[in-house]
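One structure is given here, and the rest of the page talks about it.
Just so we're on the same page: letters track the sequence lines, and every chain starts at 1.
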Protein chains: 2
Amino acid sequence: MTAALTLVGKGRHFASLGIREVTRQAGVVPTSFYRHFRNMDDLGLQLVDELGLVLRRMMREARANVLQADKLIEESVAIFISHAQANRSFFLFMAQGLAGESRAVQEGIRSEMRFFASELANDLRRLRLVDHLTDQDLDMTCDLVVRSVAFSLTDLLGVSADDDYQVEQIRKRTIRFLQLIFVGAAHWQSGG
Amino acid sequence: MTAALTLVGKGRHFASLGIREVTRQAGVVPTSFYRHFRNMDDLGLQLVDELGLVLRRMMREARANVLQADKLIEESVAIFISHAQANRSFFLFMAQGLAGESRAVQEGIRSEMRFFASELANDLRRLRLVDHLTDQDLDMTCDLVVRSVAFSLTDLLGVSADDDYQVEQIRKRTIRFLQLIFVGAAHWQSGG
DNA sequence: TATCCGTGTGTACAAGTGTTCACTAATGTG
DNA sequence: CACATTAGTGAACACTTGTACACACGGATA
């Protein structure tokens with residue numbers, strides 16, 4: 001699995017990886033592959049599971065560091081970006097998988113995103129920042145937030161990790177996106 | 001190019017297509033490929049160019065059909081969905097290319113999206129619906145709109161084209177996303 | 001009419017592919 | 001100690017792959 005991620009990190013697309021290629025990168029003979037996976041789709045699915053762990057770690061850190069409501073967006077985005085940079089290959093895999101070849105992987109990633117969105121909704125409810133929204137509207141808002149961040153992720157993965165200027169631009173833009181969404185949420189139904 | 005799109009439409013990922021595979025689908029001998037393209041990346045780039053045409057046609061139809069401001073979002077989303085269904089393979093290619101293997105294709109698609117967003121900004125300015133926004137804020141709003149729609153596109157491509165119920169769900173959700181964004185835009189700076 | 005030029009063909013080759021099978025070395029369990 | 005399980009090995013198979021080359025046809029041009 002690490003070998004596959006490494007190759008993805010080097011710019012390859014997961015869908016174009018072959019068994020021999022992955023085992024070669026892993027420094028192991030091709031037949032060993034079958035000791036662990038039935039095929040590449042299977043490997044992809046197990047990567048999705050690990051991706052879930054990465055996302056949960058990120059949520060935990062966000063919850064620990066975002067104590068008060070102001071700067072909530074800024075802090076969260078910063079944490080997100082730092083995790084995305086630290087696990088570049090993982091997030092590359094996630095971005096690729098969203099439109100990938102394996103329906104199962106696709107559905108897995110989508111489901112991780114839904115989980116993430118619902119956790120976000122819980123947190124916001126707990127902070128009592130959105131009491132005027134119905135549960136359904138809050139879910140929608142969080143869904144939109146997660147999608148926007150996911151899209152920013154593809155921006156981020158498109159620039160080199162040490163291009164500080166570009167990363168900063170992406171950070172600022174993502175923050176403004178989220179601010180715009182939350183302004184919308186604040187005036188939802190009452191103002192719209 | 002049609003052959004490549006056909007294969008993508010059948011669920012394959014563009015990055016995993018080979019020259020022989022494409023020419024086989026085209027009903028032509030492998031060597032003929034080189035008469036038209038230098039390699040698969042080259043083919044991808046030419047597909048991006050054609051994608052531009054598809055998007056422009058879509059914009060033209062939207063401008064022709066969205067006459068008055070109310071129902072603007074509903075109509076636009078409907079037109080978008082019908083185009084996405086009618087050119088399923090093209091939009092699949094677009095969704096794949098965003099996180100694809102070829103940096104050039106990636107950049108090409110991104111650039112088409114930026115163009116789309118800027119055209120949208122022009123239209124909104126012309127309709128004088130957003131006079132209170134600075135040009136920069138309007139651009140950001142349109143960027144977010146285009147991204148949200150693009151993400152809905154991946155939802156749409158994930159369900160079968162004739163699953164009316166699911167398509168309807170996606171349509172409604174996309175509309176609500178855009179409404180939320182525009183409520184945010186309406187109260188931007190004044191309300192945020 | 002003769003001559004290009006764009007497109008497609010057939011053959012060929014070296015390299016890479018997924019998958020199988022029988023074998024081996026290390027590990028932990030009774 | 002003997003034994004089962006796990007992870008890795010190496011050879012072999014039948015294909016598939018990208019790419020090169022010389023060749024053939026048909027329509028446009030001179």
(request) Using a cut-off of strictly less than 4.0 Å, decide whether Tyr34(B) has a side-chain nitrogen or oxygen near OP1 or OP2 of dA20(D). (result)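 Answer is no, no contact under 4.0 Å.
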(request) Ignoring backbone atoms, test whether His36(A) places a side-chain nitrogen or oxygen under 4.0 Å from the OP1 or OP2 oxygen of dT6(D). (result)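 For dT6(D), neither OP1 nor OP2 has a side-chain N or O of His36(A) closer than 4.0 Å.
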(request) To the nearest 0.5 angstrom, please state how far the CG atom of Leu144(B) sits from the CZ atom of Phe177(B). (result)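 With rounding to 0.5 Å, CG (Leu144(B)) is 10.5 Å from CZ (Phe177(B)).
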Using atom [atom1] of [X] as one end and atom [atom2] of [N] as the other, report the distance to the nearest whole Å.
| X | N | atom1 | atom2 | result |
| --- | --- | --- | --- | --- |
| Asp42(B) | dG18(D) | CG | C1' | 16 Å |
| Phe37(B) | dG18(D) | CZ | C1' | 16 Å |
| Glu21(A) | dG18(C) | CD | P | 8 Å |
| Asn39(A) | dT20(C) | CG | P | 11 Å |
| Arg35(A) | dG10(D) | CZ | C1' | 13 Å |
| Phe33(B) | dT19(D) | CZ | P | 9 Å |
| Met40(B) | dG18(D) | CE | C1' | 12 Å |
| Arg24(A) | dA15(C) | CZ | P | 14 Å |

(request) If the plane angle is over 60° it's perpendicular, under 30° parallel, otherwise tilted; pick one for His13(A) and His13(B). (result)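 Rings of His13(A) and His13(B): tilted, 30 to 60°.
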(message) Can you tell me whether the side chain of Arg20(A) and the base of dG16(C) have a donor-acceptor pair closer than 3.5 Å?
(response) no
(request) Could you tell me whether the side chain of Thr31(B) has a donor or acceptor atom within less than 3.5 Å of a complementary atom in the base of dG10(C)? (result)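 Answer is yes: a donor-acceptor pair is held.
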(request) Please report the shortest heavy-atom distance between Val130(A) and Leu124(A), naming the atom on each side. (result)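 What the structure gives for the nearest pair is CG2-O, 3.9 Å.
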(message) As a test of reading the structure: which of dG16(C), dT19(D), dG18(C) is closest to the side chain of Ile19(B), going by heavy atoms?
(response)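 Looking only at heavy atoms from C-beta outward on Ile19(B), the closest nucleotide is dT19(D).
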(message) Looking only at the side chain of Val29(A) (C-beta and beyond, no hydrogens), which of the listed nucleotides dG10(D), dT9(C), dG18(C) gets closest?
(response)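 Of all the options, the side chain of Val29(A) is nearest to dG10(D).
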(request) Show the numbers, then the answer: is there a side-chain contact (heavy atoms from CB on, under 4.5 Å) between Ile81(B) and Val77(B)? (result) CA-CA 6 Å; Ile81(B) 288 185; Val77(B) 170; 4.1 Å; yes
(request) Establish, yes or no, whether the cationic atom of Arg56(B) lies under 6.0 Å from the six-membered ring centre of Phe115(B) and within 45° of the ring axis. (result)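 So Arg56(B) does make the cation-pi contact.
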